[in-house]
Student: 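Here it is, the structure in full.
The sequence lines fix the lettering, A, B, ..., with proteins before strands; numbering per chain opens at 1.
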Amino acid sequence: MGYDFKNIEKKWQAHWAKNQTYKAENNSEKPKYYVLDMFPYPSGAGLHVGHPLGYIASDIYSRYKRHKGFNVLHPQGYDSFGLPAEQYAIQTGQHPAKTTQENINRYRQQLDQMGFSFDWSREVRTSEPNFYKWTQWIFLLLFDHYYCNTADQAKPIAQLIERFEQEGNQSVRAVCSTATPEFTAEEWKSFSSEKQQEILLHYRMAYLSETEVNWCADLGTVLANDEIINGVSERGGFPVTKKKMKQWSMRIGAYAERLLQGLDQIDWSESLKEIQRNWIGKSIGAKVFFQIEGHPKKIEVFTTRPDTIFGVTFMTLAPELDLVQEITPPANQEAVQAYIEETQKRTQRERMADVKNPTGVFTGAYALHPFTQERIPIWIGDYVLADYGTGAVMAVPCGDQRDYDFAKHFDLPIKNIFKNVSIEKEAFTDKGTAVIDHSDFLSGLPYKEAMKKVIDALEKQGCGEGTINYRLRDAIFSRQRYWGEPIPVYYKNKLPQPLALKHLPLNLPEVEKYLPTPEGAPPLGYAKNWAWDTQNEQVVDNSRIDHQTVFPLELNTMPGWAGSSWYFYRYMDAQNTEAFVGKSAVDYWQEVDLYLGGSEHATGHLLYSRFWQKFLYDLGLLPVEEYAKKLINQGMILGTSAFIYRKPGTQTYVSKDQVTDVSLWEPIRVDVNLVNSADELDVAAVRKWQPQFENANFEQTKGVFKVGREVEKMSKSKYNVVNPDEICEQYGADTLRMYEMFLGPIEQAKPWNTAGISGVHNFLKKYWRLFYNEEEWVVNNQEPSKQELKILHETIKKITQDIENFSFNTCVSALMICVNELTSLKTHSTSILSPLTLLLSPFAPHLASEIWSALGNESTLDYVDFPIANEAYLVEDTKTYPVSFNGKMRFTLELSLTLDNAAIQQAVLEDSRTAEYLEGKTPKKWIIVPNKIINIVI
RNA sequence: GCCGAAGUGGUGAAAUGGUAGACACGCUGGUCUUAGGAACCAGUACUUCACAGUGUGUGGGUUCGAGUCCCACCUUCGGUACCA
């Protein structure tokens, strides 16, 4: 009997579970270390080999840190609210809670078999009332706060009310969703309570407003910007249109600058930080106000190029702007209305596809140039976005390509205000070399100086100011779905009223259908018990709604990112019923030391969670402003799909080598598990796999049928999923863990290929044989040789360094080299093999534990100190130097390390081979790098 | 278009500016076996019988010495896109 991984792994998994080996303490003499994985959404498909990659890496690091004497928190949970369970419920009528529970059971089983050192006593599930109670509570806090620009932090709304009562809103610098008219203290007091509430709603961090939203009719819900890819929904790829709806939003825009600045404080990959920087999209420019001819209102535009203000030849407004209706003279109303309606019908994708053909219409109104008082025609066009800047642009066709295209298309004038630049073919957009011309007081100035001067002038005249704009939009928080956190508000006179903490959790009600109601309300519209009784402070039957004491509850639910924006704090104190996290727990753990997850969350979860963190930090509820000190993005493991090729219109399939022109054949995916590593298809198995192949004709070449290959995302629908259960069954979890690390650098995306796994499996068998020869235990107490000690300590040094650098693939190689060398030296000395076992422990914990116990240790190895490399064993007496002439390596020479440079020179000159390369010349220069190389320049 | 990352054998990949291809897969040959999807040994970048030469996307540069540093370009991948 050799390495019996099945029994070993079963044994140790049971041992760890029984002894709660990896339970972390909330106070300890040891230093703390918090390793977090992005928790999974428990999907019905189960885990494939790509999912555990990050968990394996974090588990290796966690285990290493335990060996290094840290109190390690390494929790796991489930992001269990979400669309797939709901879609499944719509199809089958099964309650999402039921399928979610089943999926979680399956996930847990799969996770357990891989030997992760999770502290399951802290498990969280976002769909559990005792968890979402606190998600709802955070929502209430957001509702109850506004963003004060003076203090640059969130403050209680009560303080804002106080200020309104004392001084009105003229001097209040706060972030506000729409331009609220100014009012005095007296006016504020004279407002009705409803009016006051309405105004306050414009200031709250969580606010309700009529907004243009991304509506996805097929999914029946709105989508956030990060849920749309290339103009279609991320989930399902359905078309997205713009629609006005009353929606909850989160004022993440208030934190734009702090979210940007915070990136400098954290150790995240530069590429990920750059993605967030781009998403936040800070741009520096100016606001300019243009008067409208014969109209009291002004048009406010944002521009990054106020220096080109003398090049303005028209203005363009977003068609959605209310102002458009106001300024359009009756003669143009019809055309303008028609255009507005047309743009609303177009999907985002259609708009994007038409970049080359700008659309728009003249409103008939004119604005006045702030410096020249020239009349500027006002157009509307859908190349101007309603929700960026002010939804209005001053069009400078000579300096902006879009304005240029628009002007060319509608035959509008183009005025060149750049010195010595031709704008015959395209706009001139280079700021670096621009010199302004034909621009009154700006003429002759380069970009930078013109910027300064024009902003001064604008501010002096009161028709503009320097300003900063961000691309980051406030995040829509309402979802017209069932399977999410209920938003804890009820409506009185159509105004939202928050519940209180003591009323939470507001449990998700039962519904008869998971679809929108016939009236178009979200699924919660089907709930029978979904009204709030303000007197008894409880949820009651809808039939009792009287709008006096019983009110309707909110029908929208929260988006997927709500629960995931704070879950990592819940792990610190998962059972707490008094607070989202206890004070002492958060004081102890502080923040996440290492966060592992995919970079696909860069503009979603990883931004929203930073936003909530900063908000809760402002309230003094959390101790740090950034929750994840270090973040590593594991690369995705891709699938290698297999294709067979069908003659169009027939049941004939040919082997890949007969396909010359792929376009003449229909590629059809087949299950990769029916193909061997030489790309040969098991034809008999395919016939059984799907009925369509049962009687098909497979044209083989020389008795084999080859498939075509393509690397793409691993997914059930592409039949390219490799299941970790089967790998564990065949090779064991330790082999799977090490092989996934061995595949390549952790941050890199790579296709899965099972073929190489035998190398890692052989390594573990080889390691086993250091201890057992057949049945016999061969470890002894012999004094290790100098050579053996050197091998061991070199390996310790390398492994320690590489783990610290998260270079786990080279760790595996180093262990392989070490075991190979010890095998050839026939080392069985316990003083070598015992530390080696500890080195193996983070990577192959089951096997290492088994050996550790076989070595006679009473306690398990999990908390035993990691070996430390002793430099004394690494010091060498001699060094084999490569000897180079003019940089070209010629031969090697073994020399004592005690020699000085002069002695080395002499030794080289004395070597018989040297003369051959010197060719009678004397060396011009010697370059001797100790321990590295000897180079002689002739 | 803009921003970012990366290009090394048949494959996955190693290389603090110092012998490129460690380690592993695959392949070839061998040992031992009734057998092997077992174990072990040897070989495996390219050209060449060999000697030797050429090789890290392309072209230049710095250096005694460059996969590594600098400049330009090409390709691939990721992000983003009427963002004014």
Student: Looking only at side-chain atoms of Tyr383(A), point me to the closest of G79(B), G37(B), C82(B).
Tutor: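 The nucleotide sitting nearest to the side chain is C82(B).
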Student: Quickly work out the Ile934(A) CD1 to G18(B) P distance and round it to whole Å.
Tutor: 16 Å
Student: Considering only the P atoms, how many Å lie between G61(B) and G78(B), rounded to the nearest integer?
Tutor: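 Result for the P pair: 35 Å, nearest Å.
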Student: What is the distance, rounded to the nearest whole Å, between atom CG of Asp403(A) and atom C1' of C83(B)?
Tutor: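 That distance rounds to 13 Å.
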Student: With salt bridge (Lys or Arg N to Asp or Glu O under 4.0 Å) as the criterion, how do Glu821(A) and Lys790(A) come out once you've worked through the C-alpha distance, each side chain's angles and the decisive distance to 0.1 Å?
Tutor: CA-CA 11 Å; Glu821(A) 288 178 352; Lys790(A) 189 177 163 219; over 6 Å; no
Student: Quick one: is C83(B) close enough that its OP1 or OP2 comes under 4.0 Å of any side-chain N or O from Arg402(A)?
Tutor: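 Arg402(A) to C83(B) OP1/OP2: side-chain N or O found under 4.0 Å.
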Student: Can you tell me which nucleotide in C83(B), A13(B), C3(B) comes closest to the side chain of Asn278(A)?
Tutor: C3(B)
Student: Only one of Tyr383(A), Phe314(A), Trp379(A) passes side-chain contact (heavy atoms from CB on, under 4.5 Å) with Val393(A); say which it is.
Tutor: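 Only one option passes, and that is Tyr383(A).
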Student: Tell me: NZ of Lys766(A) to P of C40(B), nearest whole Å?
Tutor: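 About 5 Å, once rounded to whole Å.
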Student: Could you tell me the separation between the CD atom of Glu821(A) and the P atom of A24(B), rounded to a whole number of Å?
Tutor: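 Nearest whole value for this atom pair: 11 Å.
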Student: Would you mind reading off the distance between Arg471(A) atom CZ and C82(B) atom C1', rounded to a whole angstrom?
Tutor: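 After rounding, the reported distance stands at 12 Å.
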Student: Would you mind reading off the distance between Asn762(A) atom CG and C40(B) atom P, rounded to a whole angstrom?
Tutor: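 It works out to 7 Å between those atoms.
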Student: Heavy atoms from C-beta onward define the side chain here; which of A14(B), C40(B), A84(B) lies closest to that of Arg769(A)?
Tutor: C40(B)
Student: Would Asn901(A) and Gln905(A) count as a side chain to side chain donor-acceptor pair (under 3.5 Å) here? Give the steps.
Tutor: CA-CA 6 Å; Asn901(A) 282 1; Gln905(A) 278 186 25; over 6 Å; no
Student: Can you figure out which of U54(B), C23(B), U19(B) approaches the side chain of Thr892(A) most closely?
Tutor: U19(B)
Student: Establish, with yes or no, whether the OP1 or OP2 oxygen of G4(B) is under 4.0 angstrom from a side-chain nitrogen or oxygen of Arg277(A).
Tutor: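 Looking at the OP1 and OP2 atoms of G4(B), neither is under 4.0 Å from any side-chain N or O of Arg277(A).
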Student: How far does the P atom of G67(B) sit from the matching atom of G60(B), given to the nearest Å?
Tutor: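 Rounded to whole Å, the distance is 15 Å.
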Student: Establish, with yes or no, whether the OP1 or OP2 oxygen of A5(B) is under 4.0 angstrom from a side-chain nitrogen or oxygen of Gln748(A).
Tutor: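 Answer no for this pair, as no side-chain N or O of Gln748(A) is under 4.0 Å from OP1 or OP2.
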Student: Taking the minimum atom-to-atom distance to the side chain of Ser758(A), which one of A13(B), G18(B), G26(B) wins?
Tutor: G26(B)
Student: Quick one: which of A15(B), C83(B), C23(B) gets closest to the side chain of Ile817(A)?
Tutor: C23(B)
Student: Whether Ser271(A) contacts C3(B) is assessed here as follows: a side-chain N or O lying under 4.0 Å from the phosphate OP1 or OP2. Is that the case?
Tutor: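 So the side chain of Ser271(A) is outside the cut-off, no N or O lying under 4.0 Å from OP1 or OP2 of C3(B).
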Student: Side chain of Arg890(A) only, please: which of G53(B), A14(B), A84(B) is the nearest?
Tutor: G53(B)
Student: Of all the nucleotides listed (A14(B), A84(B), G37(B)), which has the minimum atom distance to the side chain of Pro745(A)?
Tutor: A14(B)
Student: Would you indicate which nucleotide in C82(B), A22(B), A13(B) comes nearest to any side-chain atom of Leu385(A)?
Tutor: C82(B)
Student: Which nucleotide, C40(B), C83(B), C23(B), lies nearest any side-chain atom of Asn820(A)?
Tutor: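 The nucleotide sitting nearest to the side chain is C23(B).
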Student: Check whether any side-chain N or O of Tyr470(A) sits under 4.0 Å from OP1 or OP2 of C83(B), and answer yes or no.
Tutor: no
Student: For A38(B) and Lys765(A) - does any side-chain N or O of the residue sit under 4.0 Å from the phosphate oxygens OP1/OP2?
Tutor: no
Student: Syn or anti for G65(B), given that syn means the glycosidic angle lies within 90° of 0?
Tutor: anti
Student: Does Asn809(A) place a side-chain N or O at less than 4.0 Å from the phosphate oxygens OP1/OP2 of A14(B)?
Tutor: yes
Student: Is it the case that over 12 heavy atoms from other parts of the model lie below 6.0 angstrom from the NZ atom of Lys797(A)?
Tutor: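 It does not: Lys797(A) NZ has 12 such atoms or fewer within range.
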Student: Take Lys766(A) and Thr823(A), measure what side chain to side chain contact (heavy atoms under 4.5 Å, CB included) needs, and give me the verdict at the end.
Tutor: CA-CA 8 Å; Lys766(A) 225 169 183 174; Thr823(A) 301; 4.2 Å; yes
